[in-house]
Amino acid sequence: MSLSAHLETGILEWLRNNKLAVSGGPWVKVCQDERFGHFQTNVAMVAGKMLKKNPRAVAEELRQKFVADVHLAKVDIAGPGFVNFTFTPAALARSLSMLRQDPHLGVAQTPVVRRVVIDFSAPNVAKEMHVGHIRSTVLGETLTRLLAAQGHQVIRDNHLGDWGTQFGKIILGYKRAGQPSLTMDGAVAEMERLYQETHRACEADPALLEAARLELVKLQQGDAENVALWKKFRELSQAAFDQVYERLGVKFDRTLAESFYNPWLNEVVDDLLAKGIAREDKGAVVVYFDDAELKDHPFLIRKSDGASLYATTDLATIRYRVAEFKADALVYVTDGRQQLHFKQLFAAARRWGYTAQEFEHVWFGAITGSDHKPLKTRDGTSVKLRGLLDEAESRAAGILRGKRADIDEDKLREIARVIGLGALKYADLAQNRNLDYVFDWERMLAFDGNTAPYLLNAYVRTRSILRKAGTLSAAAGEFELREQVEQDLARRLLAFGDAVQTAAREYRPHHVCNYLFETAALFHRFFEHCPVLKAESEGLKNSRLQLCQLTGDVLKRGLYLLGLETVEEM
Ligand code: ARG
């Protein structure tokens with residue numbers, strides 16, 4: 001059990017024994033200021049308020065419960081009724097030994113396993129993935145790993161945008177261009193170009209617009225030629241997406257694109273009509289809401305010409321995910337501009353009867369240039385993801401070449417791949433996702449600061465000291481936490497599980513980033529203060545080697561959860 005969990009259990013027991021039905025928690029927090037102690041709780045103040053008793057008196061009662069605890073060096077009352085706890089070095093050492101043996105490294109396994117469907121990435125077919133897609137892709141993969149680490153069952157579903165009016169224009173453009181052969185390389189760029197060209201031509205010429213509409217109608221009615229073209233576009237796009245996913249180390253359990261749900265769309269609308277959740281309005285079908293926030297935002301699910309929409313597909317998707325995947329939670333990772341859509345969708349779904357499920361829209365801000373405007377290339381188009389990945393790798397290689405003249409080119413490129421892609425992902429994840437973030441190569445590739453290179457470097461350091469000691473796995477022995485910095489590092493390592501839990505609960509991986517950054521910084525401090533190989537005794541040397549190893553394990557696991565690979569040297 002982690003140190004905070006030990007205290008939390010004690011507090012819950014105390015609440016129970018005193019029949020205090022105080023709701024809330026977790027009650028134990030890490031002390032912001034270490035001088036006060038390791039952990040702190042305000043539960044006495046909450047209970048005091050409830051009982052109309054002096055909170056400091058309640059705090060004293062709580063303190064009495066813990067004074068005899070052998071793991072604690074100090075239990076103090078502070079301010080209006082905070083209780084601060086300080087563990088003994090021996091308690092830290094014992095917990096650390098337990099952590100060493102825990103395959104989950106302190107990440108608590110959930111008592112209630114949930115089935116969570118995570119809908120992420122979901123680019124649109126016949127368009128290149130651009131810089132915006134990196135956020136959904138990277139965040140989604142990370143959330144999957146965080147939830148799986150707690151023991152949840154996670155299903156990654158790529159809801160590709162493969163249906164919509166754009167196909168009328170793409171098909172028309174392709175036919176007008178004489179159906180050029182599309183090779184894998186550059187196929188998607190070509191489709192995107194054809195679309196844009198036709199889109200512009202349609203704006204100038206109503207006859208063309210009508211022709212595009214007819215191509216779309218033919219596709220929708222199952223015309224063999226158009227369906228074959230659409231399938232070809234989809235396959236080529238999928239192949240291009242897969243290359244990006246492969247490079248990013250992202251996997252999906254399912255790829256059920258929008259068109260997959262076409263057979264059920266009418267049925268869904270009819271069902272909502274029959275249940276009185278949706279109603280007809282000037283030939284269209286709409287879901288109206290009563291509550292203040294959505295009252296002025298009806299949800300359109302069938303247009304007056306009978307066409308279905310993105311919204312209709314999303315409703316059908318919910319029904320499918322609950323019926324087929326037995327989803328307890330449905331998580332969607334998209335940019336913040338879709339907030340209203342998901343509010344409407346979730347509200348409609350609840351009325352439709354999905355009240356037992358958790359719905360979560362995990363939204364993120366934009367990636368901007370240094371001018372705080374959405375990132376664009378010099379000619380004003382969106383930045384393509386593929387090019388970004390290439391640039392990340394080549395920039396990292398450039399930096400490495402300057403630092404390491406001794407390693408051969410192949411190895412250097414492999415290390416650069418891990419650092420470059422890691423830096424790109426990490427820069428994205430390290431920010432609170434709701435904020436816009438400024439894309440800055442120099443900063444994300446810097447070897448100091450809260451960056452991937454900094455963390456990878458700390459990991460490499462833990463490995464190189466073990467190699468120097470002639471082992472890659474320190475002998476399991478007792479921990480001897482002699483110096484303050486060793487105790488600080490120990491407490492940090494013991495808090496890994498808490499960081500993962502917070503990040504998973506809030507769907508905010510940056511908590512793990514902050515945690516790893518602090519851990520790496522503490523490790524460097526430890527390393528400067530405490531001789532490892534030249535420690536005074538064999539026992540102390542082994543304890544310090546174990547600290548190096550455990551730090552390395554935690555960094556590696558944390559980076560893995562963020563979707564980053566590690567290297568053994570750099
Ligand atoms: N294809 C959409 C886009 O690129 C994202 C889809 C998100 N998922 C969903 N179920 N609506 O904006």
Side-chain angles (χ1 to χ4, degrees), residues 116-141 143-144 154-167 170 188 191-192 195 230 233-234 237-238 240-242 244-245 250 252-262 264-265 268 287 297 299-301 308-325 327 329-350 352 354 357-367 374-375 381-385 433 507:
V116 186
V117 175
I118 305 199
D119 175 319
F120 68 102
S121 195
N124 295 327
V125 162
K127 267 193 184 168
E128 284 209 79
M129 287 176 89
H130 59 77
V131 60
H133 290 113
I134 195 169
R135 298 207 85 176
S136 175
T137 308
V138 166
L139 261 169
E141 176 68 25
L143 294 176
T144 304
V154 192
I155 298 154
R156 295 170 268 207
D157 191 357
N158 194 359
H159 191 76
L160 291 181
D162 70 340
W163 199 248
T165 52
Q166 73 269 31
F167 285 101
I170 301 172
V188 182
M191 287 182 249
E192 194 167 342
Y195 169 75
W230 168 72
F233 298 152
R234 212 173 57 158
S237 301
Q238 178 79 61
F241 298 154
D242 284 346
V244 169
Y245 295 142
V250 169
F252 291 95
D253 302 299
R254 299 295 150 92
T255 296
L256 298 178
E258 287 182 21
S259 67
F260 175 77
Y261 299 95
N262 285 350
W264 297 297
L265 299 181
V268 163
V287 179
H297 300 286
F299 201 35
L300 181 63
I301 59 174
S308 325
L309 303 96
Y310 185 56
T312 328
T313 304
D314 262 334
L315 284 165
T317 306
I318 289 176
R319 195 175 71 164
Y320 185 86
R321 287 177 180 164
V322 174
E324 293 298 315
F325 301 153
L330 295 90
V331 178
Y332 299 79
V333 189
T334 83
D335 82 59
R337 286 170 304 181
Q338 296 197 37
Q339 284 178 81
L340 176 60
H341 168 75
F342 283 105
K343 277 184 187 153
Q344 295 169 309
L345 177 67
F346 299 165
R350 283 198 196 95
W352 203 15
Y354 297 101
Q357 287 73 21
E358 178 198 337
F359 290 99
E360 192 73 39
H361 182 209
V362 175
W363 63 271
F364 49 83
I367 301 185
L375 197 67
T381 57
S382 63
V383 176
K384 305 290 178 278
L385 192 47
R433 60 178 160 80
Y507 300 102

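Counting starts at 1 for both ligands and their atoms, following the listed order. Just so it is clear, the structure is predicted and the values come from calculations on it, not from any experiment. Hydrogens, waters and symmetry mates play no part in the numbers below; they use all other heavy atoms, side chains included.
If you look at Y354 and F346, their ring centroids are not closer than 6.0 Å.
Within 4.0 Å of ligand 1, the residues that place a heavy atom are D119, A122, N124, H159, Y310, D314, Y332, T334, Q338, F342, listed by chain and number.
Scanning both residues, R433 and V362, for their nearest heavy atoms gives NE-CG1, 3.4 Å.
Applying side-chain contact (heavy atoms from CB on, under 4.5 Å) to L160 and the options E258, Q238, R234 leaves one that passes, Q238.
Remark: the N158 side chain and the S121 side chain contain no N/O donor-acceptor pair separated by less than 3.5 Å.
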Output a table of donor-acceptor pairs, distance under 3.5 Å, between side-chain atoms of residues 331-338 and any protein atom two or more places apart or on a different chain; print 'none' if there are none.
from	atom 1	to	atom 2	distance (Å)
T334	OG1	H361	NE2	2.8
D335	OD1	R337	N	2.7
D335	OD1	R337	NE	3.1
D335	OD2	R337	NH2	2.9
Q338	OE1	Y310	OH	2.7

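Between F260 and W264, the angle of the ring planes goes over 60°, which puts this pair in the perpendicular group of the 30/60° scheme.
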